[in-house]
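Heads up, the thing below is written out as structure tokens.
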Amino acid sequence: MVRFRRLRSDERIRSMMRETRLHQKDFIYPLFVIEGENIKNPMESMPGIYQYSIDRLPEILELVKAAGIGGIMLFGIPQHKDPQGSQAYAKDGITQRAVRFIRKHYPEIYIVVDVCLCEYTSHGHCGMVSGTEILNDETLPLLAKMALSLVEAGADMVAPSDMMDGRVAAIRSALDEAGFAQTPIMAYSAKFASAYYGPFRDAAHSAPGFGDRKSYQMDFANGREALRELASDIDEGADIVMVKPALAYLDVLKEAALSFDIPFAVYNVSGEYAMVKAAAANGWIDEKRIVMENLTAMKRAGAKILITYHALDAANWCIEDSE
Ligand code: PBG
Ligand code: ZN
């Protein structure tokens, strides 16, 4: 008889046999920055998550620093929106100012910026719009401009989340031409049109004003197509590729991680966070155990980077458990 239980008999041997271990450096924490002063707005559907004005950022950045996580991912919420999303690439746009502030006061924090127009456009779509059509090629130069202006402000890495075809190549060449050949691109490559983004769209004021995102984000039924999307972003020069959302798409992540020899990120999105927080608030689940189990599953499936709203809690649990 094979006695599997020999290696499970107590925590000393279990801990030695453990194949996947979470570390605080695995995590990236999404952060919402809003225009105005003295603002710390709680997000109703994302308990524990707030929109911060720049002057209030230090209180959360201190926690980020103390948690020793890998980095943050910034989302800006502008006051002014227009059809071209001009605040996305304005020199003094909210995200550019936030990046400069963090770069100046917290030089040790690794800053990733989400590159997409939906928070900045009046119609709420991730690209330029003509009638009810979301234009692809007309959007590319704007995304490239946005990425470049954020890197000029001091961002360490750009993460395009728009799902326009060809945007990785457009951003890569804009960065290279401006002398930023060393700035990595983390592409949201297999990003599915998902109901799990609901709470985020409230937090980032980025719900589409008409229609939906199904003409650019992927059909959630398609795993094989995800491999083509990933291959094409890798080919265009992505340094890290992402699967998003996480839990319902671990099959996609696993297959992709076995197919491509490149670092993977996974985005544990707002709806996934909201479900865990709601059940935990009701006392129906044990929050710490559920979160650590979920995040371990994402890493086990092949993700190197876990983008998660649980990042600060999970980092502290990692530190706690290693003591
Ligand atoms: C912007 C963007 C979205 C998310 C990340 N970047 C929303 C969307 O595509 O509608 C979702 C993040 C989350 O739900 O936590 N394109
Ligand atoms: Zn978008």
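Just so you know, these numbers use all the heavy atoms, side chains as well, and skip hydrogens, waters and symmetry mates. Only a predicted model underlies this, so the values are computations on that prediction, with no experimental measurement involved. Each ligand, and each atom within it, is numbered from 1 in the order the structure gives.
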- Message: Tell me whether K191 has any N or O atom under 3.5 angstrom from an N or O of ligand 1.
- Response: yes

- Message: Regarding ligand 1, does R213 bring an N or O atom to under 3.5 Å of one of the ligand's N or O atoms?
- Response: yes

- Item | Validation row, ring centre Y29 to ring centre H310 under 6.0 Å | no

- For ligand 1, the portion of C118 having any non-hydrogen atom under 4.0 Å away: side chain

- Message: Determine whether the aromatic ring centres of residues F75 and F32 are separated by less than 6.0 angstrom.
- Response: yes

- Return yes when Y273 approaches ligand 1 closer than 4.0 angstrom through a heavy atom, no otherwise. no

- Per-residue contact class, S161 against ligand 1 - non-hydrogen pairs under 4.0 Å: both

- Task: Please confirm whether the backbone N or O of G68 pairs with a side-chain atom of K25, one donor and one acceptor, at under 3.5 Å?
- Result: yes

- Query: Which of the atoms in ligand 1, numbered in the order shown and given with their element, are less than 4.0 Å from a heavy-atom of C116?
  - Reply: 16 (N)

- Task: Looking only at protein heavy atoms, identify the closest one to atom 15 (O) of ligand 1 and say how far it is in Å.
- Result: Y309 OH, 2.6 Å

- Tell me, please: is E272 in heavy-atom contact with ligand 1, that is, under 4.0 Å? no

- Query: So, does K244 sit close enough to ligand 1 that a heavy atom of it is under 4.0 Å from the ligand?
  - Reply: yes

- With backbone taken as N, CA, C and O and side chain as the heavy atoms from C-beta onward, which portion of D114 lies under 4.0 Å from ligand 1: side chain, backbone, both, or neither? side chain

